[in-house]
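The structure under discussion appears below in the form of structure tokens.
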4 protein chains.
Amino acid sequence: MARPITTKPASRRLPRDQRMAAILRAARDVLRDRGSEQFTTAEVAERCGTSEGTIYKYFPTRRDLLLQVAESWFEEFLAEDYPARTDGPIAEKLYHAIWWSLSIVRREPALTRLVLMELRADPGYRKMAVYDQNRIIVERVMRIVQEGQLSGAFRPELDIRLIRDMIFGAIEHQTWAYLRGEGNFSVDASAAGITEVVMRGIVTGSPPDDPLSSTVNRLERIALRMEKSLGGT
Amino acid sequence: MARPITTKPASRRLPRDQRMAAILRAARDVLRDRGSEQFTTAEVAERCGTSEGTIYKYFPTRRDLLLQVAESWFEEFLAEDYPARTDGPIAEKLYHAIWWSLSIVRREPALTRLVLMELRADPGYRKMAVYDQNRIIVERVMRIVQEGQLSGAFRPELDIRLIRDMIFGAIEHQTWAYLRGEGNFSVDASAAGITEVVMRGIVTGSPPDDPLSSTVNRLERIALRMEKSLGGT
Amino acid sequence: MARPITTKPASRRLPRDQRMAAILRAARDVLRDRGSEQFTTAEVAERCGTSEGTIYKYFPTRRDLLLQVAESWFEEFLAEDYPARTDGPIAEKLYHAIWWSLSIVRREPALTRLVLMELRADPGYRKMAVYDQNRIIVERVMRIVQEGQLSGAFRPELDIRLIRDMIFGAIEHQTWAYLRGEGNFSVDASAAGITEVVMRGIVTGSPPDDPLSSTVNRLERIALRMEKSLGGT
Amino acid sequence: MARPITTKPASRRLPRDQRMAAILRAARDVLRDRGSEQFTTAEVAERCGTSEGTIYKYFPTRRDLLLQVAESWFEEFLAEDYPARTDGPIAEKLYHAIWWSLSIVRREPALTRLVLMELRADPGYRKMAVYDQNRIIVERVMRIVQEGQLSGAFRPELDIRLIRDMIFGAIEHQTWAYLRGEGNFSVDASAAGITEVVMRGIVTGSPPDDPLSSTVNRLERIALRMEKSLGGT
DNA sequence: CATGAATGAGAGTTCATTCAT
DNA sequence: TATGAATGAACTCTCATTCAT
């Protein structure tokens, strides 16, 4: 008995924060492996070497635990510094923002599935923290669209929510097979495709550049500056 | 005495087809009212005046029943004669096809929810009959896109699956709130918006019909904006 | 293998009524032995050789089961033909009705405890079937009091509810020790005592039936007491 | 920085007595608000700013805590100086003693409920301190009855325990609705009613005074004295 | 003395599925 | 063919009590 073997090394009697973190970690794993329907408190308890009772000390409800898993997961993504393109042509900025959204789906399909397929269907979705977190991601794309509308690069008469739905609808559809575990997708290619179509549409003759309308462009930029200096919202 | 009172008149000893139909009908109602998570065989049995045992005679599993409900439901939609626009400008044909897809969502949110949020996430989704049925609906839209590409109206270099994802992604996103029971949407407006963006994109200067009038259009929009910014919100 | 031994003789696959009856019987036993707080569905299931699931087929809730036990138990008492005295002196009729109430307590202390100590404290007590059943018992006594008031034998100015509370309060108090399992009581003696006090009160000189014979009566009682005190306990 | 913020000011390291008192106070509040069934050690701990562990340092068991709450509560009532009527007509003294008992119920329904409906049913009731305390209250009424019997004002042949049960049974019955939270009652009216009925009974013609039977009364008192000197129980 | 993290047994309840009748 | 009584495993959640710190 030179040295007792510590079977459960860091387990018993953890401080509050660490225990919560351990539970959340285990719960995340269970969610990833089983999906929310098969997610049981019993398995979470087993995986993190605690009892179910302990879980209920920290999370009042199975549902609460599930939501907090999603939240904390999201949090991590939002904490990453998002390397937004701040200069360069707007096309590239848009591409980059879409690319980033796609990359989240790629990196965390289980989280994406949970949010998109289970939480979003919930009548209380809009009151969840996850809803707000998701909005942040969406905003990163939409800010660029808005900027484009202001600068005259994008058609200002289009409802911005429609544009949002086209972009994120496309992102989801492009990734369903992957989320289902049946296929793969290229973040680069998808981002490029979506950017292209949402910008130029599918009609023939959409000018990729349109350098000839420079005069108008100039006029437009002047107008934009005027608007800004006049103090629009 | 003289004549026994028949408590359950039309139920006992139905031929196989009728019995199955009755069960499916009841199951559909339950699904509509409760959603797939709260869908219980007990309630189905009760609603169609049979026993749970009988249900299991025809459907080996709760899950099978659920799938067949979706199938038979879809079937009905596909049996409707779909009033496809076969002539007229392609823009109108596309609009019409998108409009029809949106109208299905509108008419049967419960079915839509089931398929989009629960079955689609299933690893076996592509083997389900529902998958094929859904494809038919999608095809109706895509046929027009294909036609457009062949005729030269639409850019032939674009991947048709990308276009599909943009259209149906947008359809879903535009209807989420409605599916969640939180809001409404206009079939007409959504169809128009989606058609417009998918065709012309969001970039300024996309030539509507007559590409030469674009300069004038843009000037007009600029004027509009200036007026707005001068006139305060 | 001449004859297979039937281990569980009358248990499996009982018709609805019999099964319910069996559960109620077992539940009654559990209640009698354990009291309502320790009453568990598990023990009921075990005692009647079924599963808990089966119990929940017939009784939606533990609480419902408990209430139905009380109800069915009471029912049995009310179904007994109650041998009401319809003639004779009112004193005797009253005595007899009180006697009958006491005899119920005596015969079913567990039921009495349940109703008096647990259900009666419940905010919903007045909506329970048990409340109505209990009223029937009370009514049997009160009808006689009312009759006495009408005939002029009892003081008409007294609130009948007050009289009710004195009689049934006394019944309960006289039986608490017995209900707690600590003692016994004489149905006859209690009934006689309660009747006497409620009729004549405790003030000296209350005229029995024939006011002239009171002196003799009292002397008689005095003699009785003297005899007792002289002749040991 | 300069001065640490004391989150829980007066809690840590209390002397034994103060700590116990604090726990009892909190426990009483919990009992009042929740009733004994919903009474949890966790809530008690939270309300007095300690931990459950500390509670178990002082009270070996949840049950013990509950009993001590009842005891200490009762103690307070008994410590109040009870303004007994020592002179005046016996009717008034009796009325006053009953009135006081009713006033306790009125002031502390939660305590009353606990004692009457939960502790009294317990097989160990007679060994509880609460039992003795309750007896003190009862004694205050019964002393007057006894006095009345000795003085010849009350019929001496009646079992005093029967009288006790009639009085306190009536008190409880008159207050059940109030204890259940469903109604109210008038202390004055109840006391008057109970006093009246217990004294004169319900039979017509009970003489409020009856001074004429004095000879018999004298005989009775003689007998009573004889009994006592002979050594009855 | 005080804590509060941890427990674990057990509660009520649900429901897809089976199978004797 | 049809029944519906029966199951039992699994679920979420509760809480008095313990004990290392």
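Quick note on labels: first sequence line is chain A, next is B, and so on, each numbered from 1. In this text the structure is predicted, and so the values were computed from the model without any measurement.
Here the shortest heavy-atom pairing between Asp122(D) and Arg180(C) reads O-CD, 2.9 Å. Contact between Ile55(B) and Thr41(B) at its shortest, heavy atoms only, is CD1-O, 3.8 Å.
Contact annotation for Thr40(C): backbone-only contact, meaning every heavy-atom pair under 4.0 Å involves sugar-phosphate atoms and none involves a base. Counting non-hydrogen atoms under 4.0 angstrom, Arg16(C) reaches the backbone sugars and phosphates but no base.
Of the two residues near DNA chain F, Pro60(A) and Glu52(C), the one whose nearest nucleotide lies more 5' is Glu52(C). Heavy-atom distances to DNA chain E give each of Thr54(C) and Ala42(C) a nearest nucleotide, and the one nearer the 5′ end belongs to Ala42(C). Both Gly53(D) and Arg63(C) sit near DNA chain E, but only Gly53(D) has its closest nucleotide nearer the 5' end.
Comparing atom distances between the Tyr58(A) side chain and each of dA5(E), dG12(E), dT18(F) picks out dA5(E) as nearest. Considering only side-chain atoms of Lys57(B), the nucleotide from dT18(E), dT12(F), dA2(F) that sits closest is dA2(F). Which of dT17(E), dA2(E), dT17(F) sits closest to the side chain of Arg62(B) comes down to dT17(E). Distances from the side chain of Thr50(A) to the nucleotides dT7(E), dT18(F), dT13(E) place dT7(E) closest.
Remark: dT21(E) base-pairs with dA2(F); criterion is Watson-Crick or G-U wobble with both hydrogen-bond distances under 3.5 Å. If you check dA11(E) for Watson-Crick or wobble pairing at under 3.5 angstrom, you find it paired to dT12(F).
Nucleotide dC11(F) holds its P atom 9 Å from the CD atom of Glu43(A), rounded to whole Å. As rounded to whole Å, 17 Å separates atom P of dG8(F) from atom OH of Tyr56(C). Rounded to a whole Å, the CE atom of Met20(D) is 15 Å from the C1' atom of dC1(E). The distance from atom CG of Asp64(C) to atom C1' of dT14(E) is 16 Å, rounded to the nearest whole Å. Computed from coordinates, the Ile55(C) CD1 to dA5(F) P distance equals 15 Å when rounded to whole Å. In this entry the distance linking CD of Glu46(B) with P of dC15(E) reads 13 Å, nearest Å. In this structure, Leu66(D) atom CG and dT17(F) atom P are separated by 11 Å, rounded to whole Å. With rounding to whole Å, Phe59(A) atom CZ is found 15 Å from dT12(F) atom P.
OP1 or OP2 of dA6(E) lies within a sub-4.0 Å distance of a side-chain N or O belonging to Arg19(A). Remark: Thr41(B) is not in phosphate contact with dT17(E), judged by side-chain N or O atoms under 4.0 Å from OP1 or OP2.
Of the possible donor and acceptor atoms, none in the side chain of Thr61(A) sits under 3.5 Å from a partner among the backbone N and O of Asp64(A). Proximity of a side-chain donor or acceptor of Arg62(C) to a complementary backbone N or O of Phe39(C) within less than 3.5 Å is detected.
Residues Arg120(B) and Val115(B) have side chains not in contact (no heavy-atom distance under 4.5 Å, counting atoms from C-beta outward).
For the side chain to side chain donor-acceptor pair (under 3.5 Å) with Asp33(D), the qualifying choice from Gln38(D), Arg47(D), Arg28(D) is Arg47(D), the only one to do so.
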